[in-house]
Structure formats: structure tokens, C-alpha cells
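Order of the sequence lines fixes the chain letters, A, B, ..., with proteins taken first and strands second; residue numbering starts at 1 for each chain.
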Amino acid sequence: MLTNISNVLRACAQRNGAASVVSARTYADFTAEATFEIKKCDIHKLDEAPATQVVMTREEGLQYYRTMQTIRRMELKADQLYKQKIIRGFCHLYDGQEACAVGIEAGINLTDHLITAYRAHGYTYTRGGTVKEIMAELTGRRGGIAKGKGGSMHMYTKHFYGGNGIVGAQVPLGAGVALACKYLGNNELCVSLYGDGAANQGQIFESYNMAALWKLPAIFICENNRYGMGTSVERAAASTDYYKRGDFIPGLRVDGMDVLCVREATKFAADHCRSGKGPMLMELQTYRYHGHSMSDPGVSYRTREEIQEVRGKSDPISMLKDRMLSNNMASVEELKEIDVAVRKEIEDAAQFATTDPEPPLEELCNHIFYNNPALEVRGTNPWAKLKSVS
Amino acid sequence: MAASVRCFLRSGKNAVSALGRRGFHKSAPAAVQMMVRDALNQAMDEELERDERVFLLGEEVAQYDGAYKVSRGLWKKYGDKRIIDTPITEMGFAGIAVGAAMAGLRPICEFMTFNFSMQAIDQIINSAAKTYYMSAGFQSVPIVFRGPNGASAGVAAQHSQCFAAWYAHCPGLKVVSPWNAEDAKGLLKSAIRDDNPVVFLENELMYGVPFEMSEESQSKDFTIPIGKAKVERQGTHVSLVTHSRYVSHCLDAAVVLAKEGIECEVINLRTIRPLDVECIETSVMKTNHLVTVEGGWPQFGVGAEICARIMEGPAFNYLDAPATRVTGVDIPMPYAKILEDNSLPQIKDIIFSVKKTLNV
């Protein structure tokens, strides 16, 4: 907090030695915390809903703002790099959905576990990955979080199991992580995310069944961004009440554009799981500004007006910004400072991601097996005998 | 020393040899016979006891004692936490097993037969096998997928497929195929201790077959290394390379052929991936003839791979004839006994193929 203030002051001093200085706001000027009224969640097989009056501190607000802004700018930079052909293959961008990743993380601990599908850059960041290593992974460099071997869809970090390319497969995996949590008795839980498209996958219902049967500490979260690739929810699902699809699993439908809604619902679900009651299901109603991936302009199945409307009325970052400003929790300048700092972080990361060398060819065949003696791997022809170490 | 003297005094005739022999008078250890299913059971029991993170899940593994009784007694001993009955949802429970392995446990995921593993094959390949590589060494997956593979008796087309070639095709997996009780025990223990995904292909028809267990194999620390084949029978005229149930067929064929003066070297692959090419090459360089025997279909199979590898290596120049593959017939498995019997390699087919290869 004090750093922010001194940053503001320093910035002012750098900008112009002269008098048109922004008033030096002191700590005492900002509201330390405020109570916000948030949308009530729709509930399924529950007697209570998450709180609608929630408290956010200035610190929390600034952190959520900064994190969401970082994800936003990181994704936009990825868009740029993709168009320059510096990023190739698949690239599924998360801009618009930031409140989900940030809100969920605010409702759990880093010691909990999380798994998602391929729209994973935001989660890689909230789970502890750095922008630098995420971007370098997208550009396929040795400094990438998976040393350039995974790419956009296969990023991993502690207690974060990717990044999964096969639609729906991550949900049983997440239920398995939850099983391990229960088995080891560590009071941790696992959040398993999937989209509205994946929500119709059979293996997800298999996971619901086993998680409920065995009372696994699993939170299943459907990020409903209204479109499974180019297919709108009405065209894919007989029931679009995704929060009810768990049937015997209690569910919540949450405003996924409001970071506080997401946070409260996640906390509610986490408490439920940790008390041994078994799994919970959450549907986050959210929106992606980009198309399904960089190969999809995203306007053949939805109108530009729709996209603009969401941007104008429900942008998660704008919403948070408005809340903080109107409650005197931060100044415009302070938030601008954060924007500048974020932009710089992204620029530096992009710089690294475009200049870091590609992985060395000698390491092509490494990481086949863990804790294994070195082995020989057949190359493209019988004389190519390549080496693989763990 | 005192013992030797005692021996010397007691056994006059053997006195001289007794002096050379140290230690006490010992009777030969009683030969222990064990069925393959019991060897598998013992392997799992020992590993469950040794490491708390090991657990077994699958259909009917707990309260039913296992569809084929391989896990008999384990639920009673270890309880619900470690021996888990699953619903009939392979994709789901295989995925759950892989997730549990990622999060630090060491699951044994049983498929009632490997035919059902097809429903879960995405989890085995994309979630288990590839993850260590995709994560550049960050995320390992210590899991064993086990169950009966290949033909049984009269179970027809959907329940008789051999998956050795399918799984052995994929980098990131180890694929093991034990033959006898010792193989079963030693290899399963190794598989469970291995920190990587292992596909463990058993054979239902072998479950009830008893084999002698060496003394060494009776130890709780007995393991057989994955990736090493075993020469079950030394020979000079032809190398019979095979796995699983067909090791028995090859040994039986070898007995018959020996009467005609043809000495077969029988190699029990034990592991399909990684293939012990060196063992095969050494043998072929000695016998100059190669016949592979498997239950799976011929196209793109285990035998096909062995032939290709031999061609690419030093042993090719030692072949006096093209290699021969003895395989299952290239059809879905029929039901009627006469049809089924003629869909799989019989001893006479092996004998015929050896003679053709040797041009006798």
C-alpha cells in the first residue's frame, strides 16, 4: 500500500518537476475496506447460498485488479505474437474470463489443487507461473514453463495439473487428485474446470458419480462462456442449467464476471468440501472476447454487438475498477500506475519470449520416463540413435 | 568348520566332498508351486504392505475378491481406503487413477479385461503416457494398468483382443507381458515400484496354471527388471521369440522338435516395450533363424516390430532365411470352439513354421 503511494509520488515527480502534481493521497485517504452487494447465486440442492454482502479490502482489490489486468494484457500480447507468427499451433485466449481465475484462487489456497482444460494461461498465472515463463512456453523457448515441450495447452506448476488438450479428460483427473487429497487426509481439495462444451461429456458424469459416491473434496466448475467453439449452448445441450447437471451434487450458478461473486461462491464450495460433505458444482456465467482459438475470429456465430455489449456492461476489470473508485479504495492514478507496471511486465516477458533460444536438440528425447536409467530412442531412421534421460 | 567335521564323520562315503562343502547339512528346499493368480496376488499384497501410497481400484476388486480372484483377500486385509470397487465407468475411473497418481499416490488400476481399456484409452495415452514429456519432467505419473489381455476361451470377438501392439506403440508407456508365476510376481512388483505408467498385460488362461517358484522369488524384495527378456530354453537352430501364454506353446513345440533333432531357443520377451532387442539379436546371431509367436493379429503387431528391428540391426546378416511370424488369424475372434481353436497359434502351427523357416 505504502509502496503504491510512494510510486504515485515518484511518478509525479518524474513526470514533471512542476506544480501540477496530482494530490499526494495518503493512506488515510483511502477506504481500507468496503462492503459490496453482489448478485445472489442460483442454488441447486442447497438450503443456503453464498453471502450477498461481502467485504473486500483495498489490498485485496488492488491484488485482484493487478492480477486480472496482468492476465488481460498477457493474453492480448499473445494475440499480437500469434498474428506475427511468433506463437504457433493452438492458442486459446482467456480475456474476458479473468474474474473466474482470480476469483477462484481468492477462494482457495495455493496448497489446494486445480486442473483445467486448454484455455489455461490465466490459471497457470494464478497458480504461480510467471508471465515470462508462460509467454516463453507459447513461443516454444527453453525458458518456457514446460521448457518449450508443452506449448499453450500443456503448462504445469505446483498443484496445477495443466493445461489439458482432450475436452473433458481433465475432470476425472481432477476427481483423482481430490481422491488423493482425501486419501492423504491433508484437508486439501481439487478444483476441476471445464467449459459449457465439455459439460456434455460422459466422463464428467462418471466423475460426478464417483466423487459423490466417495465424498471426494472436489469442486467441479463449469466456465460457461456461452459457446463451445462455434456452437452456442442452446444448440449443444438439452439442459443449459449446467449447475444442475450434477443432479445429486449441490450446485451454484454464479456471475462469472464479478470477481467477488466468484470468490464468495468458491469459498462456500470449499467449506462444503472441506467439511467432508463431498463434491460441489459451480457454473460461472462468463464470456470470452476472443474466438475459441486464434484460428477462430469469433464473429461467425455471434454478433460484434454482443461482444461489445459484454465489454461495455460486464467487463470484469472495469467492474472492479468502478467499485474501487466509487468506494474511494484507490485513485485513478494508482490504478494507472498498476496498468503501466503490468504493461512493462508483459513487454519484458514478451522480449524474453522472443529472444530466448529454442530448446536444444540434444534434449529432444528427454523426459520420457521419470527416475529411469538413460535409454536409447529411435530417431527418424535406423541410424539415428538418440539419447533420452529422465 | 565344526559342522563340516561332523558331516565328514557322519557320512563316510561323502567325506571327501563334505570337506570341500561348507556349512550345515541342508535338505533341498521344498519346491513351492504357485498359480499365476496367486503370484499376482502376492505381488500386490507385498507392495500394498510396503508402501502406503499404493492402492488398487477397479470393478469387483474389493468385495467380490476380484472378477478372476486375483485380488482375493486384499480388501479384507486392507479395507475400503486401499482396495476400491468402482462403478462400471472405465473412462472415469482410469482418469481418476491417473489424477491420483499425479497427486502423489501409486494406483493400480485394474481393467476387468483390456478390451474395456479401450473406453479409457485416452486417459492411458494422453493423460498418463504423455504427461511427463509434455511437462518437461515436472509431472510424473506412477501408475499400473493391469488386467487380462488377449484371448480367453469362448468369449468371442469383443472380449478377446490382444492390446500389446496398441500400447507398445506409444512412447511414455512401459508394456509388460508376464508368462509364468515368477514373471507375474517379479514383474508386477517392478511395475508397481516403477515411477512411470506401466501397462501390465496378464492372461486369463494362465491364471490357474501352477509353476514352480524359485527360492529367490519367494522373497518380498524379489523383482524382475522391466525391459529384459529371458531365454527359457537354450537352442542352436532357431530363435522362437514370444510372450505370455505362447511361451508355453513354444516350449511344448520345442520338445516335439527336439525329437527330430531341431533345437529351439525359446525367448520369453517378458517386456514388450521397451523391447529387449539385444537378447533377440544375440540369439539370432547364434541360430540364424527367427520365428516370432504371438496371439495378437498379424498386421502392425509385436512380431512385425521384431522383424523390422532385426532387419535394422547386426543380426540381419546372420539370418539364413527371412523371419517368420506366427500370429493369431486376421479376423475378429469367433465363438464356436473349432473356429476359436483355429484362430490362434497352435503348437502344430509353431512346429510347421519352424520347419518351413529351416526349410526342412
Exercise for the section: Return the option, out of A:Leu375, A:Ile166, A:Asn164, A:Thr157, with the maximum number of heavy-atom pairs under 4.5 Å with chain B. Expected result: A:Ile166
Exercise for the section: Give the member of A:Gly174, A:Ser207, A:Ala211, A:Ser390 that has the highest number of heavy-atom pairs under 4.5 Å with chain B. Expected result: A:Ser390
Take atom [atom1] in [X]; do more than 12 heavy atoms of anything else shown fall under 6.0 Å from it?
X	atom1	result
B:Ile88	CD1	no
B:Lys77	NZ	yes
A:Phe90	CZ	no
B:Lys81	NZ	yes
B:Glu312	CD	yes
A:Phe205	CZ	yes
A:Phe248	CZ	yes
A:Arg378	CZ	yes

Is [X] in contact with chain A via its backbone, its side chain, both, or neither, using a 4.5 Å heavy-atom distance?
X	result
B:Arg53	backbone
B:Leu173	backbone
B:Glu52	backbone

Practice task
Could you tell me how the ring of B:Tyr132 sits relative to the ring of A:Tyr370: parallel (under 30°), tilted (30 to 60°) or perpendicular (over 60°)?
Solution key: tilted
Handout entry: Steps toward side chain to side chain contact (heavy atoms under 4.5 Å, CB included) verdict (A:Lys147, B:Phe138)
Key = CA-CA 10 Å; A:Lys147 303 194 173 114; B:Phe138 185 84; over 6 Å; no
Exercise for the section: Answer yes or no: is there a donor N or O on one side and an acceptor on the other, between the side chain of A:Glu206 and the main chain of B:Phe93, under 3.5 Å? Expected result: no
Problem - Audit row: A:Met210, B:Leu57, side chain to side chain contact (heavy atoms under 4.5 Å, CB included) steps and yes/no - result: CA-CA 12 Å; A:Met210 285 182 271; B:Leu57 86 168; over 6 Å; no
Looking at every non-hydrogen atom in both residues, tell me the closest pair between [X] and [Y] and how far apart they are.
X	Y	value
B:Gly99	A:Val177	O-CG2, 3.5 Å
A:Leu179	B:Ala100	CD2-CB, 4.3 Å
A:Ala169	B:Ser127	CB-OG, 4.3 Å
A:Leu184	B:Ala103	CD1-O, 4.3 Å
A:Pro172	B:Gly92	CB-O, 3.6 Å

Problem - Donor + acceptor pair across side chains of B:Arg82, A:Tyr183 (<3.5 Å) - result: yes
Straight-line distance of [X] [atom1] to [Y] [atom2], nearest 0.5 Å:
X	Y	atom1	atom2	answer
B:Thr86	A:Asn209	OG1	CG	10.0 Å
B:Ile96	A:Trp214	CD1	CH2	5.0 Å
B:Met102	A:His113	CE	NE2	13.0 Å
B:Gln123	A:Gln170	CD	CD	9.0 Å

Below 4.5 Å from any heavy atom of chain B, which atoms of [X] appear? Answer side chain, backbone, both or neither.
X	result
A:Ile368	both
A:Ile204	neither
A:Phe369	both

Practice task
Sort out for me which of B:Asn126, B:Asp122, B:Asp194 touches chain A most, counting heavy-atom pairs under 4.5 Å.
Solution key: B:Asp122
Does a side-chain heavy-atom distance below 4.5 Å link [X] with [Y]?
X	Y	answer
B:Lys130	A:His154	no
A:Asn371	B:Ser140	no
A:Asn372	B:Lys174	yes

